[in-house]
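Here is the structure we will look at, set down as structure tokens.
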There are 2 protein chains.
Amino acid sequence: MAAATPPARPTIRDIAREAGVSVATVSRVTHDDPRVVPETKRRVQEVIDRLGYRPSALGRALSYQRTLTLGIALPGLGGPYFAQLIEGAESVAVERGVVINVVGTHLRPDAADAVRQLAERTDGLIVAGGTLSEDDVADLAASGRVVVVAGDQPGVPCVVTDGRAAAAELVRHLVEAHGHRRLRFVGEPDGSPDTAWRYAGFRDVLAERGLTEAGEPLRLGLDVRSGAVAARLLHDEGVLPDALVCGNDELATGMLATLPGLGHRIPTDVAVTGFDDQALAEIASPRLTTVHQPVADLGALAAAGALGGDLPARTTLPTRLVVRESCGCTQEGAPR
Amino acid sequence: MAAATPPARPTIRDIAREAGVSVATVSRVTHDDPRVVPETKRRVQEVIDRLGYRPSALGRALSYQRTLTLGIALPGLGGPYFAQLIEGAESVAVERGVVINVVGTHLRPDAADAVRQLAERTDGLIVAGGTLSEDDVADLAASGRVVVVAGDQPGVPCVVTDGRAAAAELVRHLVEAHGHRRLRFVGEPDGSPDTAWRYAGFRDVLAERGLTEAGEPLRLGLDVRSGAVAARLLHDEGVLPDALVCGNDELATGMLATLPGLGHRIPTDVAVTGFDDQALAEIASPRLTTVHQPVADLGALAAAGALGGDLPARTTLPTRLVVRESCGCTQEGAPR
DNA sequence: GTGTCGGATGTAACCGGATACATCGCGACG
DNA sequence: CGTCGCGATGTATCCGGTTACATCCGACAC
């Protein structure tokens, strides 16, 4: 039997020696350089195939001074929001022959370090809002790396949606179309800049209408489970507000799933709204009134910026209010 | 005014020159080598700080022949399953001072290539089942890379759960405890090995009991939206089976959300089961009967294997049947 | 005074590629 | 027949680190 060869990866010099040519010629063959005469090319290619040679990405990167990689740093990998962001970025990356590397930081005590590591191995970096402190991002940008923030940060190119205005539009719908006056926000404004802006928009409208919040924001995470927790919390408080404005769709879905079991009908007893317009929102019952965000477009734009170079300091993409039934509108779109 | 220095990253040689020492000394300082005399160390450190020098990860990796990075290749980044897998892996990675890089391939025409690229830059690789063809994985492993498959593949170290046995246990519950005889599988068995095993377990029990499938598998994706589609499809067929065995929780949740609206009560008219026991399963209404998988443990084990080295050819982690209400059991856990 | 030893630091090679420039060989042309 | 030009290939250097080994120097012992 053939002795199992220790699978040491051959280097370009191994190939050169074995094929009786110079490393330059091997490199030319791997780059399809037309200057190599067919016969030589064939011979080299044969050796490459036989030895299973593949140029080391590391060596290449060092020499090119480019890694052909785009980095994306996110707080966590859960949730459709980030998946969509990545998809958007991926579409651009594929076009440019670049591969995407993602890191999630929310489990890491050394988040900033992990991202720096990533930055080190990529040509450009997309940092999602809330992944790092502003200082860390600024630091990164200052160290000569191309950084784009999907979210909000002065001094660094950003791609954003106007969450504040979007939330305001949503809340205005609740107030104007449905006459709700006792509104409560669900989500942790201090948890992420996005949530903070949404909360700000929420408060804008209350102020505008001379309303007061029906209680402190319910400071919970942005996941389904937190929605269930929030529902129980509210139920235990006794009296529910007219409407619950949730930080995102998952949170809202958790409430949608839990409130009816506690005897609160939606939207009759209480209206619920989401944010993001994810797949869930359309499936939920009642279907969720929410704000559509062009998340994939954000990702694509950020990717183009991070790879291409010049992006204006700030690009704002439009959102769209999606009125379904959880706010109290009918299937046909009429209020109540 | 100081002319804005072009933010070119200083190299180790820049530091050496500026500090009046050799590159070896600089390297020693960055490694906290005790052989450097304090005074020298201080001087070098000062220059490092002043110029903002950070050793290039690329250069280091090339020299070390290690990247201190663990790669994870997944089909897509959506869905809680993969998020959990990554979390499990991350816990191990953090311990070992290794950073994780993730790539998703489902949007890439050149999936195998993208993963190879990743392999190139990492010390070990976790490939989720269904990400690549078996050939591609074998190829990768053959090229001297440490590869662990989270899923099923002969010839490569695997960490798995026994999806076939788990599915069988689930289906047996439907048949024995609830007396369901007309069962239908929802999901695309050819779509991923996991789904294939689950379908196999499903068929095992049917065969065992002399039952026949109540129709072909509904070959759909594993997401919420597909569940909604499946529900409509079934409704349009007219007569529903006794029980729907779904490929995962998301699919099941989609059905849970859609069937009632079409006039089918769950579990009275039709039982529905999921797979994976994700957060959704507990929140859904009715709460979803499903199979708990130790996904994070899988991730952790795979990471340990990919980083540490020797993992047995195949490690199987136990699953647990989680009986809730969507199968027809009552809250208290009694059948019907 | 000289030999020895050890600690601090420097020199140079190496990791795996890419590539500017040098070299070589050959046909064409004056 | 010498030379020029050009196409094919080789040589050597660089990318940014690490590190085995060499070197230098002062202290100490004899």
Side-chain angles (χ1 to χ4, degrees), chain A residues 7-45 47-48 51-69 116-117 119-123 143-145, chain B residues 7-45 47-48 51-69 116-117 119-123 143-145:
Chain A
R9 294 163 48 86
T11 75
I12 194 171
R13 296 178 224 262
D14 295 331
I15 304 301
R17 191 178 335 104
E18 185 78 11
V21 298
S22 72
V23 293
T25 301
V26 176
S27 180
R28 289 189 191 109
V29 170
T30 61
H31 285 73
D32 248 331
D33 189 311
R35 284 175 304 178
V36 193
V37 94
E39 156 58 13
T40 309
K41 174 164 178 171
R42 201 196 49 65
R43 202 169 74 245
V44 173
Q45 190 62 53
V47 177
I48 288 179
L51 269 54
Y53 166 73
R54 299 194 173 269
S56 147
L58 241 44
R60 233 175 215 190
L62 194 53
S63 170
Y64 281 152
Q65 297 293 80
R66 301 190 45 202
T67 60
L68 295 178
T69 301
R116 219 188 303 281
Q117 284 263 353
E120 207 61 55
R121 298 153 198 270
T122 56
D123 300 331
S143 77
R145 310 240 142 245
Chain B
R9 291 162 51 82
T11 74
I12 194 170
R13 299 181 220 261
D14 296 331
I15 304 300
R17 191 179 333 105
E18 186 77 11
V21 297
S22 73
V23 292
T25 300
V26 176
S27 180
R28 288 188 192 110
V29 170
T30 61
H31 285 74
D32 247 329
D33 190 311
R35 285 176 302 180
V36 191
V37 94
E39 156 58 16
T40 309
K41 176 165 178 173
R42 203 197 47 68
R43 201 170 73 245
V44 173
Q45 189 62 54
V47 176
I48 289 179
L51 270 54
Y53 166 73
R54 297 191 177 269
S56 147
L58 240 46
R60 244 181 201 181
L62 193 53
S63 171
Y64 281 152
Q65 298 291 83
R66 300 191 44 203
T67 59
L68 295 178
T69 300
R116 219 187 302 281
Q117 284 262 354
E120 207 60 56
R121 298 156 200 267
T122 56
D123 299 331
S143 77
R145 309 242 142 245

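Computed from a prediction, not measured in an experiment: that's the story for all the values here. Values below: all heavy atoms of this structure, side chains included; hydrogens, waters and symmetry mates excluded. In what follows, chains carry the letters A, B, and so on, assigned in the order in which the sequence lines appear, proteins first and then strands, with residues in each chain numbered from 1.
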Rounded to whole Å, please give me the gap between CZ in A/Arg28 and P in D/dT11.
12 Å
CZ of B/Arg66 versus P of C/dC14: gap in Å, rounded?
23 Å
What is the nucleic acid contact for A/Val23, judged by heavy atoms within less than 4.0 Å: base, sugar-phosphate only, or nothing?
base
So which nucleotide from D/dG10, D/dG17, C/dT11 ends up closest to the side chain of B/Tyr53?
D/dG17
Using the side-chain heavy atoms of B/Val37, tell me which of these nucleotides is nearest: D/dG10, C/dA8, D/dG16.
C/dA8
To the nearest angstrom, how far is A/Arg17 atom CZ from C/dG16 atom C1'?
13 Å
Nearest to side-chain heavy atoms of B/Tyr64, which nucleotide of C/dG17, D/dT18, D/dG10
D/dT18
A/Arg35 CZ - C/dC21 P separation (whole Å):
13 Å
Main-chain N/O of A/Leu58 paired to B/Arg121 side chain as donor or acceptor, under 3.5 Å
no
With respect to the side chain of A/Leu62, which nucleotide from C/dG16, C/dA18, D/dG17 is positioned closest?
C/dG16
So, is A/Arg60 close to the C/dA18 phosphate, meaning a side-chain N or O under 4.0 Å from OP1 or OP2?
yes
Taking only side-chain N and O atoms of A/Ser56, does any of them lie within less than 4.0 angstrom of OP1 or OP2 on C/dC15?
no
Among the nucleotides D/dT9, D/dG17, C/dG17, which one has an atom lying closest to any side-chain atom of A/Val36?
D/dT9
Looking only at side-chain atoms of A/Pro55, point me to the closest of C/dG17, D/dT11, D/dC15.
C/dG17
Between C1' on D/dC14 and CZ on A/Arg13, what's the gap in Å once rounded to a whole number?
11 Å
Pairwise 5' ranking along DNA chain C for B/Thr40 and A/Arg54, keeping only the more 5' one:
B/Thr40
Give me the atom names and distance for the closest heavy-atom approach of A/Thr67 to A/Thr122.
OG1-CA, 3.2 Å
Salt bridge check, B/Asp33 against B/Lys41: does any charged N sit closer than 4.0 Å to a carboxylate O?
no
Closest non-hydrogen atom pair between B/Pro55 and B/Arg60, with its separation:
CG-NH2, 3.4 Å
Looking at A/Glu18 and A/Arg43, is there a salt bridge between them, counting it only when a charged N and a carboxylate O are closer than 4.0 Å?
no
Between CG of B/Asp14 and C1' of D/dC15 the distance, given in whole Å, is 13 Å
Measure from the side-chain heavy atoms of B/Ile12 and tell me the nearest of D/dC21, D/dG17, C/dT19.
D/dG17
Identify the two heavy atoms, one from B/Leu51 and one from B/Pro10, that lie closest to each other, and give their separation to 0.1 Å.
O-CG, 3.5 Å
How many whole angstroms separate atom CG of A/Asp33 from atom P of C/dT19?
10 Å
In whole Å, what is the span from the CD1 atom of A/Ile15 to the C1' atom of C/dG16?
12 Å
So if I take every side-chain heavy atom of A/Ser63 and compare against D/dG10, C/dT11, C/dG16, which nucleotide ends up nearest?
C/dG16
For D/dT18, does either OP1 or OP2 sit under 4.0 Å from a side-chain N or O belonging to B/Gln65?
no
When you measure from the side chain of A/Ser27, which nucleotide among C/dT19, D/dC15, D/dA20 comes out closest?
C/dT19
